[in-house]
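Please read the structure below before turning to the comments.
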Amino acid sequence: MPATYGLIDGNSFYCSAERAFAPGLRRVPLIVLSNNDGCAIARSAEAKALGVRMGDPWHLIRHRPGMDSVHWQSSNYPLYADMSRRFYQVVAGMVPRVEPYSIDEFFLDLDLPGDLHALCTALRAEVLRVAKIPTCLGWGPTKTIAKLANHLAKRHPELGGLCDLRSPELRAAWYARLSVGEVWGIGGRTAEKLRRLGVGTIADFVALDARDARDLLTVVGARVQLELRGVSCLPLAMMAAPRQGAAVTRSFGRPVTRWAEMREAVAAFAHRAAEKLRAEGLVAGHLTVFLHTNPHNGDPWHSGQRAARIEPTADSGALIGEALRLLRSLWQPGYRYAKAGVMLNDLRPEAGQPRMLFPTRDPVRSARVMAAMDAVNARHSAGTLRPLATGLARPWAARAARLSPRYTTRLEEILVARAW
DNA sequence: TCTGGGGTCCTAGGACCC
DNA sequence: TCTGGGGTCCTAGGACCC
């Protein structure tokens with residue numbers, strides 16, 4: 001187990017990714033909106049200074065004073081995924097043991113010889129130079145402390161983007177000043193529960209009797225407490241754990257009221273989920289479909305969810321068929337549906353699946369058809385070939401009014417971008 | 001008019017089974 | 001008066017994370 005864990009993450013990662021290819025965005029307050037151009041999910045420092053908060057619905061705050069200087073972008077996940085890959089390559093080139101934690105964060109084993117401060121400074125500079133992503137880096141004896149150190153590096157610019165929490169004395173000083181809700185794994189609900197019991201700071205929480213921590217917050221909270229005390233419970237996992245599920249869920253660009261539209265949307269979600277499975281060589285033995293109306297706008301509420309065990313498969317047609325069968329039992333006309341989704345679970349490797357005694361389709365033929373479709377879509381672009389059930393016009397598709405070009409993965413979009 | 005998507009883990013009651 | 005226990009699966013929801 002490493003003696004020192006590090007955490008490096010990108011500052012306002014999606015904003016930084018947008019700015020990497022659009023110098024004109026570098027000096028303006030910038031936000032990136034969630035799917036459907038809904039909420040602010042990334043804000044540049046300038047946008048934060050203007051009071052845009054994480055998760056603010058843009059349509060509710062855009063008319064506030066000062067907001068007209070804020071530039072917004074639709075989210076562009078292929079771009080961010082590619083920027084993340086570049087970020088990772090730089091990090092992995094300088095640190096031997098790296099755990100990808102999220103699209104913009106990596107845990108590091110910093111149990112390395114030499115001047116740690118100098119290494120971390122060089123790492124940040126190299127990520128900025130090569131991947132064009134500004135970062136912060138924190139480190140300490142456990143992952144939870146590294147996460148806290150990273151949080152401090154971000155919150156306190158005077159630290160120069162770096163924060164070393166290896167010293168117990170330094171940690172104690174910060175613990176006394178910081179709210180327990182700032183700890184990784186202690187969310188708003190838990191922080192409020194603790195506050196009502198007189199546990200306000202991290203120092204209060206660390207001083208809590210271990211049995212009380214466990215009784216109050218289960219094993220999860222007990223582990224957080226141990227980690228904050230400097231006892232490492234969370235190892236570095238360089239290999240990603242096998243995924244347990246694959247979900248495709250979307251808010252619609254406008255309310256869906258017609259069965260034909262809902263059927264097409266759910267078929268498209270099932271097809272996309274099937275593509276995710278095939279990309280990883282997995283099949284699913286369990287499928288869930290859900291739908292619901294808008295919980296925010298006063299529309300009559302209706303929601304439903306239905307699941308079924310299925311013959312393990314990654315075949316788009318088979319999964320669409322199962323999804324639509326479940327959807328039919330959920331559909332109630334007369335409602336304005338805002339969102340639906342398909343979730344696949346009980347995933348396992350396709351290879352080595354036992355042969356069904358009475359298969360309902362020819363598995364060899366299915367695999368050939370899917371492989372051919374995936375190959376065409378990889379060579380041309382996603383959605384070039386797809387099951388007809390997923391619809392042509394797609395009136396339910398999410399809004400994305402200001403999508404940046406996929407600078408790093410689509411040559412034709414760069415050419416369009418240059419013509420701007 | 002417009003309020004994200006995709007994960008993980010945990011809990012709880014009811015149905016059903018042996 | 002006393003009315004089993006343990007397992008799985010289902011639906012639903014809560015909490016947390018990015």
Side-chain angles (χ1 to χ4, degrees), chain A residues 7 9-10 12-14 31-42 52-63 72 74-77 80-81 84 100-107 143-144 147 150-151 154 180-194 214 216-224 234 237 240-255 269 272-273 276 285-290 292-299 303-309 326 329-330 336 338-347 397-402:
Chain A
L7 182 77
D9 82 333
S12 311
F13 182 70
Y14 296 171
I31 61 175
V32 172
L33 299 182
S34 62
N35 221 31
N36 232 0
D37 295 338
C39 306
I41 55 169
V52 182
R53 286 169 310 177
M54 191 65 168
D56 275 346
W58 179 233
H59 77 96
L60 293 183
I61 65 161
R62 65 186 304 169
H63 300 297
W72 62 272
S74 304
S75 38
N76 184 345
Y77 291 101
Y80 310 147
S84 177
Y101 172 64
S102 75
I103 193 165
D104 75 326
E105 288 173 273
F106 303 97
F107 279 107
K143 279 182 162 181
T144 303
K147 197 86 166 99
N150 172 280
H151 172 69
K154 264 188 290 193
V180 69
E182 298 184 64
V183 172
W184 183 44
I186 307 288
R189 299 302 179 100
T190 304
E192 175 55 24
K193 185 171 165 183
L194 290 170
R214 175 183 280 259
L216 239 64
L217 310 178
T218 78
V219 294
V220 180
R223 199 163 55 207
V224 172
L234 302 169
R243 76 151 84 218
Q244 297 181 27
V248 177
T249 71
R250 293 283 184 281
S251 295
F252 301 127
R254 59 162 173 72
F269 302 161
R272 179 70 199 109
K276 286 190 192 180
H286 191 265
L287 182 148
T288 304
V289 174
F290 74 86
H292 63 75
T293 57
N294 190 326
H296 304 293
N297 68 354
D299 276 355
S303 78
Q305 176 166 327
R306 204 158 211 93
R309 187 147 290 289
L326 297 178
S329 69
L330 292 171
R336 293 161 53 80
K339 181 171 179 174
V342 171
M343 298 182 287
L344 303 177
N345 284 290
D346 190 16
L347 306 188
R399 285 180 299 276
R402 274 194 206 168

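All chains are named by letter (A, B, ...) in the order of the sequence lines, taking the proteins before the strands, and each is independently numbered beginning at 1.
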Table of protein N/O atoms under 3.5 Å from nucleotides 12-14 of chain C N/O atoms:
residue: C/dA12; atom: OP2; partner: A/Q305; partner atom: O; Å: 3.4

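Looking at heavy-atom distances under 4.0 Å, A/W58 makes no contact with the nucleic acid at all. Residue contacts for A/V220: at a heavy-atom cut-off of 4.0 Å it reaches no nucleic acid atom on any strand shown. Nucleic acid contact for A/D56: none, since no nucleic acid atom lies under 4.0 Å from a heavy atom of the residue. Among the protein residues, A/A338 comes within range of no part of the nucleic acid, since none of its heavy atoms lies under 4.0 Å from any strand. A/A307 comes within contact range of the sugar-phosphate backbone alone, with a heavy-atom separation under 4.0 Å but no base atom that close. Counting non-hydrogen atoms under 4.0 angstrom, A/T190 reaches the backbone sugars and phosphates but no base. Residue A/V183 is in sugar-phosphate contact alone, with no base atom involved, counting any heavy-atom pair closer than 4.0 Å across all strands shown. A/S102 comes within contact range of the sugar-phosphate backbone alone, with a heavy-atom separation under 4.0 Å but no base atom that close. No contact: A/G55 has no heavy atom under 4.0 Å from any strand. As judged by a 4.0 angstrom heavy-atom cut-off over every strand, A/D37 is placed among residues making no nucleic acid contact.
Going from the P atom of B/dT3 to that of C/dC18 covers 25 Å, rounded to whole Å.
The side chain of A/K339 contributes an N or O atom lying less than 4.0 Å from OP1 or OP2 of B/dG5. The side chain of A/N35 contributes an N or O atom lying less than 4.0 Å from OP1 or OP2 of B/dG5. Applying the 4.0 Å criterion to OP1 and OP2 of B/dT3, one finds that A/N294 has a side-chain N or O inside that range. Between B/dG7 and A/K276, a contact under 4.0 Å exists linking OP1 or OP2 to a side-chain N or O. Dashed line: the shortest gap from a side-chain N or O of A/K193 to OP1 or OP2 of C/dC16 is not under 4.0 Å. Remark: A/T218 is not in phosphate contact with B/dC9, judged by side-chain N or O atoms under 4.0 Å from OP1 or OP2.
The interatomic distance linking A/I41 (CD1) with C/dC18 (C1') rounds to 10 Å, in whole Å. The nearest whole Å value for the distance from the CE atom in A/M343 to the C1' atom in B/dG4 is 15 Å. Spacing between atom OH of A/Y80 and atom C1' of B/dG4 amounts to 13 Å, rounded to whole angstrom units. Between the P atom of C/dC17 and the CG atom of A/D104 lies a distance of 15 Å, rounded to the nearest Å. If you measure from atom CG of A/L217 to atom P of B/dC10, you get 14 Å, rounded to the nearest angstrom.
Out of B/dG4, C/dC17, B/dG6, the shortest distance to the side chain of A/Y77 is found at B/dG4. Comparing B/dG6, B/dG4, C/dC10 by their nearest atom to the side chain of A/S34 picks out B/dG4. When each of B/dT3, B/dG5, B/dG7 is scored by its nearest atom to the side-chain atoms of A/R243, the top-ranked nucleotide is B/dG7. Set against C/dC18, B/dC2, B/dG4, the side chain of A/E105 has C/dC18 as its closest nucleotide. Comparing B/dG5, B/dG7, B/dT3 by their closest approach to the side chain of A/A247 singles out B/dG7. The side chain of A/R250 has B/dG6 as its nearest neighbour among C/dC16, B/dT8, B/dG6. The side chain of A/S251 has B/dG4 as its nearest neighbour among B/dG4, C/dC17, B/dC2. The listed nucleotides are B/dT3, C/dC18, B/dT8; the one nearest the side chain of A/L60 is B/dT3.
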*Stepwise salt bridge (charged side-chain N to carboxylate O under 4.0 Å, His left out) check, A/R399 with A/D37*: CA-CA 6 Å; A/R399 285 180 299 276; A/D37 295 338; 5.4 Å; no
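Without hydrogens or angle criteria, A/N345 side chain to A/H286 main chain gives no donor-acceptor distance under 3.5 Å.
Side-chain contact between A/E182 and A/H151 is present, with at least one heavy-atom pair separated by less than 4.5 Å.
In this structure, A/Y77 has its ring center closer than 6.0 angstrom to the ring center of A/Y14.
Both A/H63 and A/V248 lie near DNA chain B, and the one whose nearest nucleotide falls closer to the 5' end is A/H63.
Where pairing requires Watson-Crick or G-U contacts shorter than 3.5 Å, the helical stems of DNA chain C with at least three consecutive pairs are B:5-18 with C:5-18.
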